[in-house]
Amino acid sequence: MPPSKKVKPNQEKPLETGNLKNYRFFEDVYDVVRLIPKGRVSSYGAIAAYLGTKLSARMVGWAMNVAHHAHPPVPAQRVVNRNGMLTGKHHFATPTAMEEALKKEGVIVLNDLVQSFSNVFWDPAVELEMRL
DNA sequence: GCATTGACGAAGG
DNA sequence: CCCTTCGCCAATG
């Protein structure tokens, strides 16, 4: 995507529950991601499920892709796929930026894989106890 | 407006 | 187990 192209989340759009034509979806994703504590990670699918669109994990990935210009900042490095793999690392400034950021937060990454994934995994549906 | 493309994930072979 | 297919849906050409 061109750097100048700017996505505008939360435009005045009709809210339709059940699909993602709801532009607020991006904001919701960002809000959840911002709640992920340092040293923990979550997954695209878990976040999608928490927001009620569990079949649309790919949209969470897309939200991360355009999260760069979001304010306040979104710790996108804390979102990995369901196996704990850093599948989004290529979308960061440098190939190692994501891994470095995670390591700085205390998450151990080896070969693009989060170690002790089940221990550091942060499931919004559990941690937030569904208080949407 | 149709076709393709994904930072995904589940299911089927 | 590994590989492919499919559903999902916004963005892009």
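Residue numbers start from 1 in every chain, and the chains themselves are labelled A, B, ... in the order their sequence lines are given, proteins ahead of strands.
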Asker: Could you give the CG-to-P distance, from A/Leu55 to C/dG7, as a whole number of Å?
Answerer: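 Rounded to the whole Å, the gap is 12 Å.
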Asker: Give the ring-plane orientation class for A/Phe117 versus A/Phe121, where under 30° counts as parallel, over 60° as perpendicular and anything between as tilted.
Answerer: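 A/Phe117 vs A/Phe121 ring planes: tilted.
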Asker: For A/Asn83, is the CG atom crowded, meaning more than 12 foreign heavy atoms sit under 6.0 Å from it?
Answerer: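 More than 12 within 6.0 Å, yes.
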Asker: In this structure, are over 12 heavy atoms from other groups packed under 6.0 Å from A/Ile108 atom CD1?
Answerer: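 Result for CD1/A/Ile108: open.
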Asker: State whether A/Ser56 places a side-chain N or O below 4.0 Å from either non-bridging phosphate oxygen (OP1 or OP2) of B/dC8.
Answerer: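 For A/Ser56, the contact criterion (side-chain N or O under 4.0 Å from OP1 or OP2 of B/dC8) is not met.
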Asker: Among B/dC8, B/dA7, C/dA10, which is the nearest nucleotide to the side chain of A/Ala57?
Answerer: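 Looking only at side-chain atoms, A/Ala57 lies closest to B/dC8.
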Asker: Counting only distance, no hydrogens or angles, is the base of C/dG7 paired donor-acceptor with the side chain of A/Arg58 under 3.5 Å?
Answerer: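 Answer is yes: a donor-acceptor pair is held.
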Asker: When rounded to the nearest Å, what value does the distance between C1' atoms of B/dA7 and C/dC2 take?
Answerer: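 So the two C1' atoms sit 23 Å from each other.
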Asker: Rounded to whole Å, how long is the line connecting atom NZ of A/Lys89 with atom P of B/dA7?
Answerer: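 Distance, rounded to whole Å: 14 Å.
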Asker: Please state how far atom NZ in A/Lys54 lies from atom C1' in C/dC9, giving the value in whole angstrom units.
Answerer: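 Those two atoms, NZ and C1', are 17 Å apart.
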Asker: To the nearest Å, how far apart are A/Met64 CE and C/dA10 P?
Answerer: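 My rounded result for the distance is 16 Å.
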Asker: Could you state the CZ-P distance from A/Arg82 to B/dA10, rounded to the nearest angstrom?
Answerer: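 After rounding, the gap between these two atoms is 5 Å.
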Asker: Could you check how far CD of A/Glu99 sits from C1' of B/dA7, rounded to whole Å?
Answerer: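 Between C1' of B/dA7 and CD of A/Glu99: 16 Å.
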Asker: Between A/Tyr30 (OH) and B/dA7 (P), how many Å, whole number?
Answerer: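 My rounded result for the distance is 15 Å.
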Asker: Side-chain contact, heavy-atom cut-off 4.5 Å: A/Thr87 with A/Val80?
Answerer: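 Answer no - side chains too far apart.
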Asker: Whole-Å distance between C/dC9 P and A/Leu51 CG?
Answerer: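 Computing the A/Leu51:CG to C/dC9:P distance gives 14 Å.
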Asker: Taking any heavy-atom pair under 4.0 Å as a contact, classify A/Ala76: base, sugar-phosphate, or nothing.
Answerer: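 Contact class for A/Ala76: base.
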